[in-house]
Amino acid sequence: MSEPSLKKLKMSNSSYPPTIGTHNGHFHADEALAVYLLRLLPTYTNANLVRTRDPSLLQTCDVVCDVGGVHDHSAARYDHHQREFTATFPDRHTKLSSAGLVWMHYGADIVESVTGLPAGEADNTLLFNKLYDDFIEAFDANDNGIAQYDPAALRKAGIEKKFSDKGFSMAGVVNRFNYARADPREAAKEKSVSTDSNGVNGKENPQQEEDTRFLKASQFVGEQFTSELLDKAQSWLPARAVVKEAFTSRN
């Protein structure tokens, strides 16, 4: 789906710096991906990021994800925590997170922005659905506490885990960024740090430090997404076309 028309008008002035809003505090993989996805759109490529739960600050943002208690595409608000929220991706059953919401509304435009395949064309639509199935749906399920397999059915079948894969999952890596601190070896190399109005004794204040870790997490999941999209566009789509041609030419 295209970007809200009001936002397009607001962004038509290239000097205006758009702002993406999300919550501060402990972050998850879904909003880390949602922010990265938004920045793949020309409108938000150079957007500022505000992480806050202050409604008055969020009201000033051009687009808000994973906070605010509102899902309204016309207002560019993409939260999924409200009790009445039940939205799913078309023809799927997993409740959406902020990542799935952003993808549902902007995915076709993101595919076009990254691959050059125009929104509305068949190959773009194939990638739009394929990326949800193979990548983004897992973010939605993880954030909403939906297991890949029915735990009760696994217990009934007597199937037990042999090891924990928590540290190996995408969500596990993002969670680690919540607690990651600067490598002391790198800190020792810094001879001096300039102090600005937001600094504390020449260092980042706690919110700045948290925001830095969030951006690292967002970059991490975003790089995985981009790699997945480009692989599907450059390898899966051509291979699919070859198979389709071979199948149709049999008759």
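- Surrounding CG of Asp150 are more than 12 heavy atoms belonging to other residues, nucleotides or ligands, all under 6.0 Å away.
- When all heavy atoms are compared, the tightest approach of Ala108 to Asn124 is O-ND2, 3.1 Å.
- Across Asp143, Asp140, Asn142, a single residue satisfies side chain to side chain donor-acceptor pair (under 3.5 Å) together with Ser97, and that is Asp140.
- With sequence neighbours excluded, no residue satisfies ring-ring contact (aromatic ring centres under 6.0 Å, His included) with Tyr36.
- Of all the heavy atoms in Val174 and Ala217, the pair that sits closest is CG1-CB, 4.1 Å.
- Formation of a donor-acceptor pair under 3.5 Å by the Ser113 side chain with backbone atoms of Leu40 is found in this model.
- Taking all atoms of both residues into account, the shortest heavy-atom contact from Phe135 to Leu33 is CE2-CD2, 4.0 Å.
- A 4.5 Å side-chain heavy-atom check between Gln219 and Lys216 finds every atom pair outside the cut-off.
- Side-chain atoms of Ser227 do not come within 3.5 Å of backbone N or O of Glu223 as any donor-acceptor pair.
- The main-chain N or O of Val67 is never found under 3.5 Å from a side-chain atom of Arg53 such that the two would form a donor-acceptor pair.
- Among residues two or more places apart in sequence or in another chain, the side chain to side chain contact (heavy atoms under 4.5 Å, CB included) test is passed with His93 by none.
- At least one donor-acceptor pair under 3.5 Å links the side chain of Glu31 to the backbone N or O of His28.
- For the side-chain hydrogen bond (donor to acceptor under 3.5 Å, both in side chains) test, no residue two or more places apart in sequence or in another chain qualifies with Asn129.
- Between the side chain of Ser235 and the main chain of Lys232, no donor-acceptor pair closer than 3.5 Å is present.
- Checked against the 6.0 Å centroid criterion, the rings of His71 and His105 qualify as a close aromatic pair.
- A donor and an acceptor atom, one from each side chain of Asn175 and His26, are located under 3.5 Å apart.
- A donor-acceptor pair is defined here as one N or O able to donate and one able to accept, closer than 3.5 Å; such a pair exists between the side chain of Asp30 and the backbone of Ser98.
- For the residue pair Thr52/Asp54, the side-chain donor-acceptor check at 3.5 Å is not satisfied.
- The shortest non-hydrogen separation linking Tyr132 to Arg92 is CE2-CG, 3.9 Å.
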May I have the step-by-step check of side chain to side chain donor-acceptor pair (under 3.5 Å) for Tyr106 and Tyr78, ending in yes or no? CA-CA 11 Å; Tyr106 298 100; Tyr78 306 103; 2.6 Å; yes

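- Annotation: Phe139 is not in aromatic contact with Trp103 [ring centroid separation under 6.0 Å not met].
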Do Arg51 and Asp211 pass the salt bridge (charged side-chain N to carboxylate O under 4.0 Å, His left out) test, and can you show the C-alpha distance, the side-chain angles, and the key distance before you say yes or no? CA-CA 7 Å; Arg51 297 182 66 246; Asp211 291 348; 2.6 Å; yes

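- The two residues Glu137 and Thr94 come nearest to each other via the heavy atoms OE2-OG1, 2.7 Å.
- Shown here for Pro17 and Asn48, the closest heavy-atom pair between the two residues is CB-ND2, 3.8 Å.
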